[in-house]
Visitor: 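Sharing a structure with you now.
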Amino acid sequence: MAVLNKMTPVCPFVKVARPDDASSKRSENQSKHTGEHEGKAKNETVDSPLIEAKCPLGYDSRSFKVGPLSCVICQALLFETSKCVPCSHVFCKACITRFNDCPLCGADIEKIEADNDLQKVVDRFIDGHARIKRSHASTDAEAAVSDNKPVIYEDVSLERGAFLVHHAMRAFRARNIESAKSRLSLCVMDIREQLEASPNNPELCSQLGAVLGTLGDCCRAMGDGGSATTYFQESVEALSRLPTEDMEIVHTLCVSLNKIGDLKYYDGDLQASKSYYCRSLEYRRDAIKSHSDSPSLTLDVAVSLAKVADVDRGLGDEEGAIAGFREAVTLLESLKINADDVALEQRVRLP
């Protein structure tokens, strides 16, 4: 059986270090962040005061609270809003159909009705959220802060992607896959619009590749292997444009390649499966040449070796399979996990 990638979804709009990077960069980042914070505070004091953007319904990009337009079951924004009869409490359709009693009041659910009016409100909120541009015109708030310097209102539009992805991840974890897919599709549209204005932007390409990969996960969870393969291939295409010096990009790219390989494997197309596994292994071998002391990357190479060896066994190449498994075991035995590498240790213990 193919070795599956088991990962905790992360927001592609936040740069997350690999497990082995955490301990080596902690002191460096602390001093760097301290200096940046002090410099920023000094600049804000000298220049204009900054008013942080706030959402009136509590859906701030940093807090992600459960607001009045949220489903209390999945805690994401309502999707296919449905109303319980007779209590009139509202939830996502996919969430409430698993219940016979209302999760809020305990009343028997006689039937479930679509609440199209409330869903239109949610859709308008999503469309407008994080797109509001605040004017720098004089206001009472500005006068209260300073009589001479204009107040700069922080623009939340840069956080729209993180906002959508966060709600998609909430819905995905609650098995509301259609909701997650809808939010991620909006995010992809936003990124592609930005790429039209700034083609080959590394950060945007990286975000697009990660979100497309998550869309592939949604389709795979829904049993739509064809669409999942398409999204993973688009993810690979987006990430392949980027330089491979960034280990997080290499990791995401290889995960998408392996997931295509997994789908081909379970479809019985072992030759196609091996080609994708070998591409992933090639990227990881190239990366480890300049990061030979990376335990996380060493583990990734071992996983890729095991996948290729497993396919070789299915194709009747017993000698090649044994050699691949042995090399993978040798790499795993060479791993030394520090006390700080909790995430890496959990990955090693996966069955």
Side-chain angles (χ1 to χ4, degrees), residues 4 6-12 54-131 156 159-190 211-228 230-231 266:
L4 296 177
K6 186 170 182 182
M7 298 178 62
T8 302
V10 297
C11 177
K54 292 291 183 183
C55 172
L57 296 182
Y59 295 101
D60 295 325
S61 58
R62 296 174 186 171
S63 60
F64 296 112
K65 296 176 182 178
V66 177
L69 300 181
S70 300
C71 170
V72 298
I73 298 174
C74 67
Q75 298 189 354
L77 288 169
L78 289 162
F79 180 75
E80 295 184 339
T81 306
S82 299
K83 179 171 61 177
C84 297
V85 177
C87 66
S88 296
H89 289 129
V90 291
F91 309 91
C92 297
K93 180 180 179 180
C95 296
I96 194 56
T97 49
R98 300 195 291 263
F99 291 83
N100 294 320
D101 302 325
C102 175
L104 281 176
C105 66
D108 291 340
I109 300 175
E110 297 179 5
K111 64 177 179 177
I112 297 173
E113 296 178 344
D115 193 335
N116 295 323
D117 291 338
L118 182 55
Q119 186 60 54
K120 289 178 181 177
V121 173
V122 176
D123 293 341
R124 286 198 300 270
F125 173 76
I126 293 174
D127 186 58
H129 186 80
R131 291 185 181 275
V156 232
E159 301 294 334
R160 177 176 167 85
F163 174 80
L164 289 168
V165 169
H166 187 93
H167 281 278
M169 291 298 97
R170 282 186 174 181
F172 188 88
R173 287 191 291 266
R175 295 179 296 154
N176 191 349
I177 310 300
E178 285 286 358
S179 174
K181 186 179 176 183
S182 173
R183 309 310 181 210
L184 292 170
S185 297
L186 284 174
C187 190
V188 167
M189 290 173 59
D190 279 0
V211 176
L212 285 169
T214 310
L215 266 172
D217 288 332
C218 289
C219 292
R220 187 168 63 168
M222 296 168 65
D224 187 357
S227 296
T230 299
Y231 280 123
Y266 292 118

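Only heavy atoms go into these numbers, but all of them, side chains included; no hydrogens, no water, no symmetry mates. Treat the numbers as computed from the prediction; the structure is a model and nothing was measured.
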Visitor: With the side chain counted from C-beta on, respond yes when Asp190 and Leu164 share a heavy-atom pair under 4.5 Å apart, and no when they do not.
Guide: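 Asp190 vs Leu164: side chains touch.
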
Visitor: What's the shortest heavy-atom distance between Leu78 and Phe91, and which atoms?
Guide: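 Shortest heavy-atom contact: CD2-C, 3.6 Å.
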
Visitor: State which residues pass side-chain hydrogen bond (donor to acceptor under 3.5 Å, both in side chains) with Ser227; sequence neighbours excluded, sorted by chain then number.
Guide: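 side-chain hydrogen bond (donor to acceptor under 3.5 Å, both in side chains) check on Ser227 returns Asp224.
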
Visitor: Hey, does Arg183 have a side-chain heavy atom less than 4.5 Å from the side chain of Phe79?
Guide: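 Answer yes - side chains close enough.
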
Visitor: Please examine the side chains of Ile96 and Cys84, heavy atoms only from C-beta on, and report whether any two atoms are closer than 4.5 Å.
Guide: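 A side-chain contact under 4.5 Å exists here.
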
Visitor: Without swapping roles, check the side chain of Arg170 against the backbone of Gln75 for a donor-acceptor pair under 3.5 Å.
Guide: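 Between the backbone of Gln75 and the side chain of Arg170 there is a qualifying donor-acceptor contact (under 3.5 Å).
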
Visitor: Asp217: what forms a side-chain hydrogen bond (donor to acceptor under 3.5 Å, both in side chains) with it, not counting sequence neighbours?
Guide: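 By the side-chain hydrogen bond (donor to acceptor under 3.5 Å, both in side chains) rule, Asp217 matches Lys259.
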
Visitor: Distance from Tyr231 atom OH to Leu215 atom CG, nearest 0.5 Å?
Guide: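 The CG atom of Leu215 is 5.0 Å from OH of Tyr231, to the nearest 0.5 Å.
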
Visitor: Just so I know, are the side chains of Ile112 and Val85 near enough to count as touching, which here means a heavy-atom distance under 4.5 Å?
Guide: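 Heavy-atom side-chain distance check fails, nothing below 4.5 Å.
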
Visitor: With a 4.5 Å limit on heavy-atom distance, are the side chains of Ile73 and Cys92 in contact?
Guide: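 With C-beta onward as the side chain, the pair stays apart.
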
Visitor: Does any part of the side chain of Leu118, heavy atoms only, come nearer than 4.5 Å to the side chain of Leu69, both counted from C-beta?
Guide: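 Of all side-chain heavy-atom pairs linking Leu118 with Leu69, at least one is under 4.5 Å.
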
Visitor: How would you list all residue pairs meeting side chain to side chain donor-acceptor pair (under 3.5 Å) that involve residues 77-105, not counting sequence neighbours?
Guide: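 Listed once each, the pairs are Thr81-Gln119.
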
Visitor: In the structure I gave you, are the side-chain heavy atoms of Phe125 and Leu77 within less than 4.5 Å of one another anywhere?
Guide: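 The answer is yes, as the side chains (C-beta and beyond) meet within the 4.5 Å cut-off.
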
Visitor: Main chain of Glu178, side chain of Ser182: is a donor-acceptor contact present, judged purely on distance under 3.5 Å?
Guide: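 No, Ser182 side chain to Glu178 backbone: no donor-acceptor pair under 3.5 Å.
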
Visitor: Just list the side-chain donor-acceptor pairs under 3.5 Å for residues 102-111, sequence neighbours left out, or say none.
Guide:
from, atom 1, to, atom 2, distance (Å)
Lys111, NZ, Glu113, OE2, 3.1

Visitor: Within a radius of less than 6.0 Å around CE of Met222, do more than 12 heavy atoms belonging to other residues, nucleotides or ligands occur?
Guide: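 For Met222, atom CE is crowded (more than 12 foreign heavy atoms under 6.0 Å).
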
Visitor: Compare all side-chain heavy atoms of Met169 with those of Thr214 and state whether any distance is below 4.5 angstrom.
Guide: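 Yes; the side chains approach each other to less than 4.5 Å.
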
Visitor: Would you please name every residue forming a side chain to side chain contact (heavy atoms under 4.5 Å, CB included) with Ala171, sequence neighbours left out?
Guide: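 Residues passing side chain to side chain contact (heavy atoms under 4.5 Å, CB included) with Ala171: Ala76, Asn176, Ser179, Ala180.
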
